[in-house]
Amino acid sequence: MKKIIITLCTISLYTTTPSCKMKSAEAAVVGDAASKVYVAPGKYDEFYNFVSGGFSGQVSVYGLPSGRLLKVIPVFSKNPENGWGYNEETKAMLNTTFGEIPWDDQHHLDLSQTNGEHDGKWLFANANNTPRVARIDLTTFKTAEILQIPNSAGNHSSPFITENTEYVVAGTRFSVPMGDEDVPISSFKKNFRSTASFISVDKNTGHMNLAFQIVLPGMNLDLSHAGKGPSHDWFFFSCYNTEQAYTLLEVNASQKDKDFIVAVNWKKAEEYAKAGKGKKMAADYAHNTYDEAKQTATSVIEHDVLVLDPKDCPDMVYMIPCPKSPHGCDVDPTGEYFVGSGKLAALIPVFSFAKFQKAIQDKAFDGDFYGIPVIKYEAALHGEVQKPGLGPLHTEFDDKGNAYTSMFLSSEVVKWRLKDLQVLDRAPTYYSVGHLMVPGGDTRKPYGKYLVAYNKITKDRYLPTGPELCQSAQLYDISGDKMQLILDFPTIGEPHYGQACPAALIKDKQVKFYDINKNGNQYVTMGEKKANVVRNGNRVDVYMTAIRSHLVPDNIEGVYVGDDVYFHVTNLEQDWDLPHGFAIKNNPDAELLVMPGETATLRFSPQKQGIYPYYCTDFCSALHQEMSGYLRVSAKGSNVPLKFGTGVIDTTASAK
């Protein structure tokens, strides 16, 4: 216990005094840094950098090397900027079996791969709080699909993929009882379980399906990565709390010198699933998809999941001891080495896949953990990086056989060589770095030019903004022997992890506008002459068009207090970067942002009579201010006829 208390005191010392690492921050930046990150007006960045939004629930996109914010992609949280989760077409995307979840915690990202290399098709993102995995279409930068994960709590070890995007994998952080069992918390060892969910991905459409779950002993799965090349068939998870503590984890889950890397043979699991070795378990979970043709999301509730138990599936799961409370779990580009990063360890263990395979063959086991064979530590070990720094968390790789590990406690990035495990360089961060990212650094083809550190603390780095300071990323040039800090840039939310790929993979595949002739939205208005207002009971549908610089209709009367008014706005533009917005006075349900050729719907339920202006919210032309209209709302029971028009109100609306 004394040893644990000393460790915790050390952590406290470093996390509360980050700026003591280096008095002169500018000393780490050399004179040519500005020229290395300068992207001239009209020029493009070399890389897209996709960064998790943490507690914002969104994904942010930056250019590298400039650090310029290009876009915020709404995923797991409502977004008033473009109506995501507010407009009728996207509300279903935030549906779960617990109802609508308007805000979540987005931690990790993974770009789709083919043959272990980025292919520029999709970006996968996890929701940590209400466990879900999202797929983002990189031709539109829109969230196309969200799948809820049952039998999980804290979807942290997610959404990491196999090297041909056969599966997206999600491991649970918090062990919980399977299903809805009501059991005492003190029965943790008996009743609590963790799961690793394998989500299959259609190679053509990207459509996701929860293929199977592997049930594991109660412990905390932290992070994971798939094998490559020789280790292609395997997936590796870090875990902690093998003590199976359920209170005061900072002490009780840090007792053991070693926890485990959990090695899962997903190919063998796939075979067991096909052979009927799994058991169907009742489990309700939401599967939400956005139909690009219909421009509308739907939510379907699934009702069961296939569960595989290692005790019924020999040779599917093994445990490899790893010091101490491992966090990161990373596989090098060759697929031969995998690295565990123990938060409380004073070294970095590097394991050999070939040795791991031989250990299985030789049955070099050190007992078992709940029936799962435990490989002897030395039997799988390639070697240890000695004295790398304090608080190793995450490792990524360049194209020259080097590895880079973030050191949370000593606030630095450490460069070391895989071949002989020698430390080659170290560079300070400002401060308390968590994840780091090398473009392509978790693939078979790292690009090896830049490294981005995502930091937890930014004291003295930016202008102060009250009690909470902005989040931070720092860009390093790693093209030479020594790492060089060349840029700081603020980020959205708390950046946990990022992925980056060459802009050339994505930029020329962009959808520039939607072909209005292919608009399958059921409420599309194909031209101004088709504009209409229709009453059906207390529901009023407004079929509206938007084009520079007017809305049709721009005068509407005959709406009453208590009506539900649905504004279906079709953007008639057929040119790039000409969205139109739509908002109406006092509407509590945000606004719309409608892309060229797209239809989006805003619901408005007036509670008071009066005149309600509505207008375009996205600057679109010199006469943008004139792009507006009026809705007259009369008292309930009034005899004001329903009518509409643009220019002259002389059209009587149809009624049902």
Side-chain angles (χ1 to χ4, degrees), residues 33 35-52 59-73 108-125 135-142 159-165 203 206 225-226 228-229 330-334 395-404 435-454 473-480 483-484 486-487 489 491 495 497-512 576:
S35 65
K36 291 190 174 186
V37 301
Y38 179 68
V39 178
K43 300 295 184 181
Y44 291 143
D45 279 285
E46 185 179 355
F47 292 92
Y48 283 104
N49 181 203
F50 300 93
V51 182
S52 63
V59 170
S60 51
V61 187
Y62 302 84
L64 294 180
S66 73
R68 298 180 297 196
L69 176 64
L70 304 176
K71 188 176 181 64
V72 175
I73 305 173
H108 305 120
L109 303 165
D110 223 353
L111 286 162
S112 59
Q113 298 179 22
T114 300
N115 298 323
E117 299 179 17
H118 290 153
D119 57 28
K121 291 182 179 179
W122 308 300
L123 177 70
F124 298 92
R135 176 175 58 87
I136 297 165
D137 185 337
L138 292 179
T139 66
T140 60
F141 280 55
K142 281 187 175 182
F160 301 104
I161 63 170
T162 54
E163 64 177 338
N164 282 299
T165 321
K203 65 180 181 180
H225 271 98
K228 307 175 181 72
D330 303 285
V331 181
D332 89 303
T334 71
T395 301
E396 292 221 342
F397 308 89
D398 66 15
D399 53 345
K400 302 179 183 69
N402 301 313
Y404 301 79
H435 276 281
L436 49 72
M437 182 279 301
V438 173
D442 68 339
T443 73
R444 295 182 71 174
K445 186 182 177 181
Y447 299 98
K449 187 173 183 179
Y450 299 115
L451 179 148
V452 180
Y454 303 105
Q474 292 186 300
L475 178 67
Y476 294 78
D477 180 346
I478 59 170
S479 59
M483 294 177 282
Q484 178 190 354
I486 55 177
L487 182 69
F489 60 96
T491 64
Y497 185 43
Q499 291 263 284
C501 67
L505 268 181
I506 296 175
K507 73 180 181 66
D508 295 332
K509 301 176 183 178
Q510 294 305 292
V511 171
K512 295 185 175 180
W576 194 15

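For the numbers below, each heavy atom of this structure counts, side chains included, while hydrogens, waters and symmetry mates do not.
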Participant: Within the structure provided, determine whether D442 and H225 are in side-chain contact (heavy-atom separation under 4.5 Å).
Facilitator: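 A side-chain contact under 4.5 Å exists here.
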
Participant: With a 6.0 Å cut-off on ring centres, are H435 and Y454 close enough?
Facilitator: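 So the answer is no for these two rings.
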
Participant: Carefully, step by step, assess K36 and Y38 under the rule side-chain contact (heavy atoms from CB on, under 4.5 Å).
Facilitator: CA-CA 6 Å; K36 291 190 174 186; Y38 179 68; over 6 Å; no

Participant: List the steps, then state whether salt bridge (Lys or Arg N to Asp or Glu O under 4.0 Å) holds for K449 with D477.
Facilitator: CA-CA 6 Å; K449 187 173 183 179; D477 180 346; over 6 Å; no

Participant: What pair of heavy atoms forms the shortest contact from K43 to V39, and how long is it?
Facilitator: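 Closest approach of K43 to V39, heavy atoms only: O-CG1, 3.4 Å.
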
Participant: Apply the test side-chain contact (heavy atoms from CB on, under 4.5 Å) to residues Y476 and Q484: give CA-CA distance (whole Å), side-chain angles for both, the deciding distance (0.1 Å), then the verdict.
Facilitator: CA-CA 5 Å; Y476 294 78; Q484 178 190 354; over 6 Å; no

Participant: Counting only heavy atoms not in K512 (residues, nucleotides, ligands), do more than 12 fall under 6.0 Å from its NZ?
Facilitator: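 Not buried by this count: 12 neighbours or fewer within 6.0 Å.
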
Participant: How about K445: does its NZ atom have over 12 heavy atoms from other parts shown lying under 6.0 Å from it?
Facilitator: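 At most 12 heavy atoms, drawn from other residues, nucleotides or ligands, come within 6.0 Å of this atom.
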
Participant: CG of L138 to CD1 of I506: how many Å apart, nearest 0.5 Å?
Facilitator: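 Answer rounded to 0.5 Å: 4.5 Å.
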
Participant: Without swapping roles, check the side chain of S52 against the backbone of Y497 for a donor-acceptor pair under 3.5 Å.
Facilitator: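 Yes; judged by distance alone, with no hydrogens or angles, the pair exists.
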
Participant: Quick check on side chain to side chain contact (heavy atoms under 4.5 Å, CB included): which of L109, V61, I73 does I136 satisfy it with?
Facilitator: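 That would be I73; it is the only one of L109, V61, I73 passing the side chain to side chain contact (heavy atoms under 4.5 Å, CB included) with I136.
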
Participant: Nearest 0.5 Å, what's the CG-CG distance between D45 and L64?
Facilitator: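 If we round to the nearest 0.5 Å, D45:CG and L64:CG are 6.5 Å apart.
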
Participant: Please answer whether the main-chain N or O of L111 pairs with a side-chain N or O of Q499 as donor and acceptor at a distance below 3.5 Å.
Facilitator: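 Side chain of Q499 to backbone of L111: a pair is present.
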
Participant: Does F141 have any ring pair (Phe, Tyr, Trp, His ring centres under 6.0 Å) partners at least two apart in sequence or in another chain, and if so, which?
Facilitator: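 With sequence neighbours excluded, F141 shows a ring pair (Phe, Tyr, Trp, His ring centres under 6.0 Å) to Y48, F50, given in chain and number order.
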
Participant: Would you say the side-chain atoms of E396 pair up with the backbone N or O of M437, donor to acceptor, closer than 3.5 Å?
Facilitator: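 Such a contact is absent between E396 side chain and M437 backbone.
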
Participant: Report the residues that fulfil side-chain contact (heavy atoms from CB on, under 4.5 Å) with P333, sequence neighbours left out, ordered by chain and then residue number.
Facilitator: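 F397, P446.
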
Participant: Mind running side-chain contact (heavy atoms from CB on, under 4.5 Å) on Y447 and V438 for me, showing each step along the way?
Facilitator: CA-CA 7 Å; Y447 299 98; V438 173; over 6 Å; no

Participant: Would you call the rings of Y450 and F47 parallel, tilted or perpendicular if under 30° counts as parallel and over 60° as perpendicular?
Facilitator: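 If you compare the ring of Y450 with that of F47, the planes turn out perpendicular.
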
Participant: Check each of H118, K121, K203, R135 against S112 using the side chain to side chain contact (heavy atoms under 4.5 Å, CB included) test, and report the only one that passes.
Facilitator: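 That would be K121.
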
Participant: Which value, rounded to the nearest 0.5 Å, describes the distance between N49 atom CG and C501 atom SG?
Facilitator: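 The SG atom of C501 is 9.5 Å from CG of N49, to the nearest 0.5 Å.
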
Participant: Which pair of heavy atoms, one from A125 and one from V59, lies closest together, and at what distance?
Facilitator: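 Between these two residues, the closest heavy atoms are CB-CG2, 4.3 Å.
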
Participant: Is there a donor-acceptor pair under 3.5 Å between the side chain of N164 and the backbone N or O of N115?
Facilitator: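 Checking the backbone N and O of N115 against the side chain of N164, a donor-acceptor pair under 3.5 Å is found.
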
Participant: Keeping T165 on the side-chain end and Q113 on the backbone end, is there a donor-acceptor pair under 3.5 Å?
Facilitator: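 Pair found, side chain donor or acceptor close to backbone of Q113.
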
Participant: Does any N or O in the side chain of E163 come within less than 3.5 Å of the main-chain N or O of G229, such that one atom is a donor and the other an acceptor?
Facilitator: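 Flag set: sc E163 to bb G229 pair under 3.5 Å.
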
Participant: Using the side-chain contact (heavy atoms from CB on, under 4.5 Å) rule, take D137 and L123 through it: C-alpha gap first, then chi angles, then the decisive distance, then the call.
Facilitator: CA-CA 7 Å; D137 185 337; L123 177 70; over 6 Å; no

Participant: Would you confirm whether the ring centroid of Y62 sits within less than 6.0 angstrom of the ring centroid of F489?
Facilitator: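 Distance test on ring centres: under 6.0 Å, yes.
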
Participant: At what distance, to the nearest 0.5 angstrom, does NZ of K228 lie from CZ of R444?
Facilitator: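 With rounding to 0.5 Å, NZ (K228) is 9.0 Å from CZ (R444).
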
Participant: Check step by step if side-chain hydrogen bond (donor to acceptor under 3.5 Å, both in side chains) holds for D398 and Y404.
Facilitator: CA-CA 8 Å; D398 66 15; Y404 301 79; 2.7 Å; yes

Participant: Calculate, to the nearest 0.5 Å, the distance between atoms NZ and OG belonging to K400 and S479 respectively.
Facilitator: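 Reported value, rounded in 0.5 Å steps: 7.0 Å.
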
Participant: Is D330 reaching over with its side chain to a backbone N or O of T395, donor-acceptor style, under 3.5 angstrom?
Facilitator: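 Indeed, once roles are kept as given, a pair shorter than 3.5 Å links the two residues.
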
